[in-house]
Undergrad: 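Dropping the structure in here first, questions after.
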2 protein chains.
Amino acid sequence: MSQARPSSPKLADFLCFAIYSANLAYGRAYKPILEKLGLTYTQYITIVALWENDNQTVGGLGEKLFLESNTLTPILKKLEALGYLHRRRDPADERQVIVSLTDAGRSLREKGLELNLVKATGLSVEEFPKMQKAVTTLRDNLAKAARGVG
Amino acid sequence: MSQARPSSPKLADFLCFAIYSANLAYGRAYKPILEKLGLTYTQYITIVALWENDNQTVGGLGEKLFLESNTLTPILKKLEALGYLHRRRDPADERQVIVSLTDAGRSLREKGLELNLVKATGLSVEEFPKMQKAVTTLRDNLAKAARGVG
DNA sequence: CACCTTAAGTTCGTGTGCGATTAAATCGTA
DNA sequence: TACGATTTAATCGCACACGAACTTAAGGTG
């Protein structure tokens with residue numbers, strides 16, 4: 001195993017890699033919990049977004065989830081097939097599709113699915129919201145930069 | 001658009017969602033830079049890991065990248081096809097595959113590919129390493145929890 | 001109204017992630 | 001040494017993420 005040159009950038013110093021690998025770790029932590037419900041992580045946060053605001057358009061939902069319609073459409077169709085939501089064209093604008101939860105979709109919330117992985121983060125009650133805020137700000141700054149602003 | 005119930009969990013309070021969406025934002029910020037090189041993000045960090053330590057096994061590389069061989073194998077084959085690395089069985093243990101950079105793979109480092117998105121994060125020089133450390137610790141705690149430890 | 005432009009979703013192809021299975025090599029132990 | 005257990009990659013199928021192209025609907029201008 002040859003040595004790296006002194007100038008070599010270290011993976012451990014990359015913030016992008018920390019975020020990337022933390023995301024993988026979160027997915028692995030959530031998986032055993034979510035698979036008991038037959039949901040993937042993306043399907044789960046889609047349901048959560050609908051708990052927060054029902055009857056959203058695909059585009060509106062995508063804005064909140066940071067996903068394009070080409071990603072959302074198959075997920076929404078899957079959740080519709082599972083009986084958790086309905087999709088219907090907006091009669092006032094047939095281009096848009098309104099997504100709304102079914103009783104089954106709403107009842108997931110009451111089914112004890114208040115996933116709580118706070119303990120697994122190792123963060124204290126004071127640290128948790130600070131971290132959450134900091135990562136959210138980071139995300140918004142990156143999104144701004146990607147749009148060419150800043 | 002109906003109102004959410006008071007008890008409804010808000011997406012904006014989820015640390016997992018902050019990480020998830022920050023990862024998407026990072027990918028979008030990196031894409032225009034990396035596609036000039038014809039590399040994806042995962043291919044890029046694989047190259048970085050090999051800059052740091054050349055001649056690694058698939059498993060060893062996977063440990064550093066937090067990826068399994070089922071994910072890495074097609075990526076390594078692609079990078080081999082692009083001429084950036086070689087794959088060969090270890091003569092001392094034919095089960096293992098040694099991955100090593102080619103001159104082309106090493107030269108990517110000199111080609112000014114020291115991607116620097118620090119400014120895009122909006123973090124100060126003092127904040128950046130703190131954030132990087134905090135997210136790394138979070139990732140390690142989550143990984144520990146997912147393994148059933150803790 | 002006819003025509004062009006814009007907007008919203010869908011479809012398709014590529015590239016990850018990952019669970020499950022397989023193939024091959026090595027190890028351990030009687 | 002023979003053989004079952006373990007280790008390491010690779011393969012396969014499924015589910016995202018996303019660029020690009022397509023379809024349909026709405027809006028704007030003459």
Side-chain angles (χ1 to χ4, degrees), chain A residues 17 19-32 34-46 56-63 65-82 87-99 143 146, chain B residues 17 19-32 34-47 56-63 65-82 87-99 143 146-147:
Chain A
F17 180 68
I19 294 284
Y20 168 81
S21 52
N23 185 50
L24 293 181
Y26 247 127
R28 288 161 192 159
Y30 263 112
K31 184 148 303 195
L34 285 173
E35 73 186 5
K36 287 175 191 161
L37 293 153
L39 289 179
T40 64
Y41 179 73
T42 314
Q43 290 166 5
Y44 170 61
I45 58 170
T46 302
Q56 297 191 66
T57 64
V58 173
L61 207 46
E63 268 186 51
L65 296 173
F66 296 87
L67 293 172
E68 306 291 329
S69 66
N70 53 4
T71 299
L72 268 178
T73 296
I75 292 166
L76 294 172
K77 284 187 169 180
K78 175 72 178 180
L79 287 172
E80 184 175 41
L82 290 172
R87 293 157 65 243
R88 65 175 202 285
R89 291 280 164 182
D90 183 351
D93 185 343
E94 292 278 343
R95 290 173 304 180
Q96 301 191 347
V97 167
I98 307 285
V99 182
Chain B
F17 180 68
I19 294 284
Y20 167 81
S21 52
N23 184 51
L24 293 180
Y26 248 127
R28 288 162 194 159
Y30 264 112
K31 183 149 306 194
L34 286 173
E35 73 186 6
K36 287 175 191 161
L37 292 154
L39 290 179
T40 65
Y41 179 74
T42 313
Q43 290 166 4
Y44 170 63
I45 58 171
T46 301
I47 297 282
Q56 297 191 66
T57 64
V58 174
L61 207 46
E63 268 186 50
L65 297 173
F66 297 89
L67 294 173
E68 307 290 330
S69 67
N70 52 6
T71 298
L72 269 178
T73 296
I75 292 166
L76 294 173
K77 284 187 170 180
K78 175 71 178 180
L79 287 172
E80 184 175 42
L82 290 173
R87 294 158 63 245
R88 65 175 201 283
R89 293 277 165 185
D90 183 351
D93 184 344
E94 292 278 344
R95 291 173 302 181
Q96 302 189 347
V97 167
I98 307 285
V99 183
R147 285 198 309 272

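Convention: sequence-line order gives letters A, B, ...; per-chain numbering from 1.
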Undergrad: Just how far, in rounded Å, is P of C:dG15 from CG of B:N23?
TA: 19 Å
Undergrad: Mind checking what makes side-chain hydrogen bond (donor to acceptor under 3.5 Å, both in side chains) contact with A:R95, not counting sequence neighbours?
TA: A:D93
Undergrad: Can you tell me how far P of C:dA8 sits from CD1 of A:I98, to the nearest Å?
TA: 12 Å
Undergrad: Could you list the donor-acceptor pairs under 3.5 angstrom formed between side-chain atoms of residues 67-75 of chain B and any protein atom two or more places apart in sequence or on another chain?
TA:
residue	atom	partner	partner atom	Å
B:T73	OG1	B:S69	O	2.9

Undergrad: Can you tell me how far OH of A:Y30 sits from CD1 of A:I45, rounded to the nearest 0.5 angstrom?
TA: 10.0 Å
Undergrad: Show me the protein contacts with nucleotides 22-28 of chain C, counting only N or O atoms at under 3.5 Å.
TA:
residue	atom	partner	partner atom	Å
C:dT26	OP1	B:E94	N	3.3

Undergrad: Quick check: closest heavy atoms across B:Q43 and B:G38, and the distance to 0.1 Å?
TA: OE1-O, 3.9 Å
Undergrad: Going by side chain to side chain contact (heavy atoms under 4.5 Å, CB included), name the residues that satisfy it together with B:R89, two or more places apart in sequence or in a different chain.
TA: B:E94, B:V97
Undergrad: If you round to the nearest 0.5 Å, how far is CD of B:E35 from CG of B:L37?
TA: 10.0 Å
Undergrad: List for me each residue that meets ring pair (Phe, Tyr, Trp, His ring centres under 6.0 Å) alongside A:F66, sequence neighbours excluded, and say none if there are none.
TA: none
Undergrad: Name all residues meeting the side chain to side chain contact (heavy atoms under 4.5 Å, CB included) criterion together with B:E80; count only those two or more places apart in sequence or in a different chain, and write none if there are none.
TA: B:L85, B:R87
Undergrad: Does the side chain of A:F17 reach to within under 4.5 Å of the side chain of B:Y26, using non-hydrogen atoms?
TA: no
Undergrad: Ignoring hydrogens and angles, answer whether the base of D:dG19 and the side-chain atoms of A:N70 contain a donor-acceptor pair closer than 3.5 Å.
TA: yes
Undergrad: Under the rule for side-chain hydrogen bond (donor to acceptor under 3.5 Å, both in side chains), what residues qualify as partners of A:S21, not counting sequence neighbours?
TA: B:R139
Undergrad: Roughly, in whole Å, what's the span from CG in B:L34 to C1' in C:dG15?
TA: 14 Å
Undergrad: D:dC16, D:dC18, C:dG9: which one has an atom nearest the side-chain heavy atoms of A:R89?
TA: C:dG9
Undergrad: What is the distance from CD of B:E35 to P of C:dT16, rounded to the nearest Å?
TA: 14 Å
Undergrad: If you check the B:Q43 side chain, which of C:dG15, D:dC16, D:dT8 turns out closest?
TA: C:dG15
Undergrad: So, is B:T42 near the phosphate of C:dG17, with a side-chain N or O under 4.0 Å from OP1 or OP2?
TA: yes
Undergrad: By nearest heavy atom, map A:A25 and A:G59 onto DNA chain C; which one lands nearer the 5' end?
TA: A:G59
Undergrad: In whole angstrom, what separates A:R28's CZ from C:dC18's C1'?
TA: 8 Å
Undergrad: Measure CG/A:L24 against C1'/C:dC18 and give the value in whole Å, please.
TA: 10 Å
Undergrad: Could you check how far CZ of B:R88 sits from P of D:dA9, rounded to whole Å?
TA: 13 Å
Undergrad: Check whether any side-chain N or O of A:T40 sits under 4.0 Å from OP1 or OP2 of D:dC16, and answer yes or no.
TA: yes
Undergrad: Which residues, if any, of residues 71-79 of chain A bring a heavy atom under 4.0 Å of DNA chain D?
TA: A:T71, A:I75, A:K78
Undergrad: Does any non-hydrogen side-chain atom of A:L76 lie less than 4.5 Å from one of A:V58?
TA: yes
Undergrad: Look at the side-chain N and O atoms of A:Y20 and state whether any lies under 4.0 Å from the OP1 or OP2 oxygen of C:dG17.
TA: yes
Undergrad: Distance check, rounded to the nearest 0.5 Å: A:Y20 atom OH versus B:I19 atom CD1?
TA: 14.5 Å
Undergrad: What does B:S69 touch in the nucleic acid at a heavy-atom separation under 4.0 angstrom: a base, only the sugar-phosphate, or nothing?
TA: base
Undergrad: With sugar-phosphate meaning primed atoms plus P, OP1 and OP2, does B:E68 contact a base, only sugar-phosphate, or nothing at under 4.0 Å between heavy atoms?
TA: nothing
Undergrad: Identify all stems in which DNA chain D takes part, counting only runs of at least 3 consecutive pairs (Watson-Crick or G-U wobble, each distance under 3.5 Å), and give each as one range with another, ordered by first number.
TA: C:1-30 with D:1-30
Undergrad: May I have the distance from B:L61 (atom CG) to D:dA10 (atom P), rounded to whole angstrom?
TA: 11 Å
